[in-house]
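Every chain is numbered from 1 and lettered A, B, ... according to where its sequence line falls, protein lines coming before strand lines.
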Amino acid sequence: MKRKAASPRKTAAPFSSCFADTEVLILEDGGISPHDISPMRAGLLLKKIEQHGGTAEVIPANEVLEGRLRAREQRDSKLSRATHVVLSKSLEGKVPALVERLRREKNKDTNENGTIYAPLPLTVGRSCQVVSPDWVSDCLLHRQLVDPRPYLLSLDRAERNEGGDAYTEAATKREEAAEPTAGGTKKARLSHPSASTPTVVSPTHAAIEARLAPFSDLDPTTRDAFFAYGGPLVLSKPFSASFPKFACQRPAPAQHPNRHLTPLFEDLVEMYGLGVGDKERETAFGRVLAVLRAWPWKVRESKELKGIRHVGGSMRAVIEEILMTGRCSRLEKLREDSSHRCLLDLCRVHQVGHATARKWYEAGYRSVAQIQADLKRAEETGDGEEQAGGEVERYLGSTFCTSQRPSMEQLLGILFVDEYSVKMTRCQVAALEGIVREAALKALAARGLGAETLLLQTCGGYLRGKALNGDADVLVSCTQAQGQAGLREEIKRIMQEDMGIDLLILKEGNTMGGFASKPTHEKIASHDNMLTLIKHEGFYRRLDVISPPPDQWAFCVLGWSGSKQMEKDLRDYADEQGLHLSQQAVFRETKRLTNPKSIDGVFHSEEDVWEFLGLKYLPPRLRCA
DNA sequence: CGGCATACG
DNA sequence: CGTAT
DNA sequence: GCCG
């Protein structure tokens, strides 16, 4: 609440001008090992340099190395003008060799095409220094330009003689550059910042955007998310070392750059959960899926993910295979097994999970369609309407033994199996929200409470911005506790009786503010909720209405907003902090202790909860992990 | 080698 | 064991 | 399957 989202930096001027009069070229190499400069790291370096009064530019090393840049003069002039070139240690001394190799390849190409590629010049300006990224970090640390000498790298140490004129020229210039720095020039520059150069111009978002434009495969949403988020990224470390342990510490937008990987991982999660029935494997793949959804650029080699929590050897092997072939043999092998296919099909029925599906499978059922057909046949054999039910009953009794007979809810699930799979657009979800709102307002008005006391929020995938939703999760409460008591029940009545809405109630929670006792926890009022099928625009839609007491509002919204992995990781994270998080409250002490106390204090909004947990707030749309 | 999120019907 | 996130 |  006290937090002001993201713009305190414009008013204050918290940045030094330690990079004043420096023009830095950063060679981004796309790598991820400790000595590489990943696009994200390059972006951070650039941002920091600009924030501290310098100018900087990121050049994808590939462009230099592969000679992809046509505008050779432009590149050259940039290199000559720069005061510093930031180069990863892993590329030290290798640049000319790579350039040379690529030049030869290009020339081979060009002989066929008839075009001639000139060798790329790698001349750096007279007083330009080639340094490792640590130099930037340390300048920031000390708030001044530090002596670059300990950080100097060579572009060409390895192959000085071999290359053409351009390389030796570069080498000479670099040495020329190194010499005077030891003397006067450097001193002048090093003493520079504090003295002159007053105003620090913080670069606009658009400016940063423009500078980062070359990274076409770095999804803009993700990039924005990371820059806006800031988070635990540490400039002096490579990105993989800063990648947070928990999903709740990393922004994950719906449109992420690794959609060449995630669909297959989604299938693996489903297959292990419902098909194979191995929930440990399911969680393992689910965690990697969450990593991929938060990884800010396109993964090109599985080793980029080395060292990331939950991504071990076999996970990287799966990723590598998908990257190489676009397929996952492991998944395909599982899909070949017809029993897995049948189980997945049977699990489409509401109230049927892996265990029930397996029972039905063992009873001889191979698909939902088969059950539907059998039910229909049983219905037809009976004559009158009354008999029909009896036939179905008899049929069910004869084919399913008592323990595995479908419940009423499962029967509904079998009948509505296709309807269940139809997704809603955001408009349609909003329409359902409108219906609940109307009913809620009527209910409150009947108690003499105005619209301003209504708390209403549709959560779930809708709140996270999903375009298509399987259901609508509408949370309803009232700022006045007496307005909330029994509200959900009243909403149901109004929808059915006053508004004439066709509602099939699948499940109803304890009504009228009953108290749920957990053995390990303090008693607190439980949510009043219902799961229904609501007829809307000709379809039965799944509608969840949840009504928590007002003091639980923030926790409830957080708990119903997802994603599932976010919720899991929020709880894991809370545990690590010695806290316990639920949809009702936060608790001190671990869950094992018999008498944990509810935290004192008021949590009005989701932000309050994130802040209390010591987490940087992630808006719902960045919780798509 | 145990644990893997949590609560509720 | 099922549902919800 | 991975982590502590």
Whole-Å distance, A/Gln583 CD to B/dG9 P, equals 12 Å
Could you state the atom-to-atom distance from CG of A/Asp528 to C1' of B/dG9 in whole Å?
13 Å
d(CD, A/Gln351; C1', B/dC8) in whole Å:
12 Å
Expected list for residues 559-567 of chain A near DNA chain C, using heavy atoms below 4.0 Å, is A/Gly559, A/Trp560, A/Ser561, A/Gly562, A/Lys564, A/Glu567
Protein-nucleotide distance (A/Gln584, atom CD; B/dA7, atom C1'), rounded to Å
7 Å
Ring centres under 6.0 Å, that's the criterion: do A/Phe243 and A/Trp295 meet it?
yes
Its 5'-most and 3'-most nucleotides having an atom under 4.0 Å from a non-hydrogen atom of chain A, DNA chain C is contacted over C/dC1 to C/dT5
Touch class at under 4.0 angstrom, heavy-atom based, for A/Arg358 against every strand present
nothing
How is A/Arg464 classified with respect to the nucleic acid when contacts are heavy atoms under 4.0 Å: base, sugar-phosphate, or nothing?
sugar-phosphate
Note: A/Glu508-A/Lys492 ion pair, threshold 4.0 Å (strictly below)
yes
B/dC8 versus D/dG1 - spacing of their C1' atoms, nearest Å:
29 Å
Is A/Lys245 salt-bridged to A/Asp569, going by a charged N under 4.0 Å from an acidic O?
no
Where each residue is assigned the nucleotide of DNA chain D containing its nearest heavy atom, which of A/Lys245 and A/Arg287 is assigned the position nearer the 5′ end?
A/Arg287
What contact category does A/Gly313 fall into here, base, sugar-phosphate, or nothing, at under 4.0 angstrom with non-hydrogen atoms?
sugar-phosphate
For A/Lys535 and A/Asp502, run salt bridge (charged side-chain N to carboxylate O under 4.0 Å, His left out): C-alpha distance rounded to whole Å, both residues' side-chain angles, the deciding distance at 0.1 Å, then the answer.
CA-CA 5 Å; A/Lys535 190 88 166 180; A/Asp502 183 358; 5.4 Å; no
To the nearest angstrom, the NE2-C1' distance between A/His527 and B/dT6 comes to 12 Å
Residues A/His350, A/Glu409; criterion side chain to side chain donor-acceptor pair (under 3.5 Å); working and verdict:
CA-CA 8 Å; A/His350 184 67; A/Glu409 212 177 327; 3.2 Å; yes
Contact class for A/Asp471 (heavy atom, under 4.0 Å): base, sugar-phosphate, or nothing?
sugar-phosphate
Backbone N or O of A/Cys478 within a donor-acceptor pair of the A/Gln484 side chain at under 3.5 Å?
no
Boundaries of the DNA chain D segment in contact with chain A, non-hydrogen, under 4.0 Å
D/dG1 to D/dG4
A/Leu463 near the nucleic acid: base, sugar-phosphate alone, or nothing, with a heavy-atom cut-off under 4.0 Å?
nothing
Given A/Gln552 and A/His527, is the side chain to side chain donor-acceptor pair (under 3.5 Å) satisfied, shown in steps?
CA-CA 9 Å; A/Gln552 298 177 25; A/His527 298 164; 3.2 Å; yes
Has A/Arg348 got its NZ or CZ under 6.0 Å from the middle of the six-membered ring of A/Tyr420, at an angle within 45 degrees of the ring axis?
no
Tell me which residues in residues 265-283 of chain A lie within less than 4.0 Å of DNA chain D, going by non-hydrogen atoms.
A/Glu280, A/Arg281
Atom-to-atom span, CG of A/Asp572 to C1' of B/dT6 - whole angstrom:
11 Å
Validate the cation-pi geometry between A/Arg293 and A/Phe265: distance from NZ or CZ to the six-membered ring centre under 6.0 Å, angle to the ring axis within 45°.
no
Does some side-chain heavy atom of A/Ile322 sit less than 4.5 Å from a side-chain heavy atom of A/Val318?
yes
Would a distance-only check, ignoring hydrogens and angles, find a side-chain to backbone donor-acceptor pair under 3.5 Å from A/Asp337 to A/Ser339?
yes
I'd like to know if A/Asp498 pairs up with A/Arg493 as an ion pair, taking the criterion as any Lys NZ or Arg NE/NH1/NH2 lying under 4.0 Å from an Asp or Glu carboxylate oxygen.
yes
Within the 4.0 Å heavy-atom criterion, would you say A/Arg316 contacts the bases, only the backbone, or no part of the nucleic acid?
nothing
At 4.0 Å (heavy atoms only), tell me whether A/Val288 reaches a base, stays on the sugar-phosphate, or touches nothing.
nothing
Donor-acceptor pairs under 3.5 angstrom involving side-chain atoms of residues 431-441 of chain A: please list them, not counting sequence neighbours.
| residue | atom | partner | partner atom | Å |
| --- | --- | --- | --- | --- |
| A/Glu433 | OE1 | A/Thr458 | OG1 | 2.6 |
| A/Glu433 | OE2 | A/Arg437 | NH2 | 3.0 |

How long is the line joining CD of A/Glu576 and P of B/dA5, in whole Å?
14 Å
Between B/dC4 atom P and A/Arg309 atom CZ, what is the distance in whole Å?
13 Å
Residues that A/His340 engages under ring pair (Phe, Tyr, Trp, His ring centres under 6.0 Å), provided they are two or more places apart
none
Shortest non-hydrogen contact between A/Leu346 and A/Tyr361, atoms and distance:
CD1-N, 4.1 Å
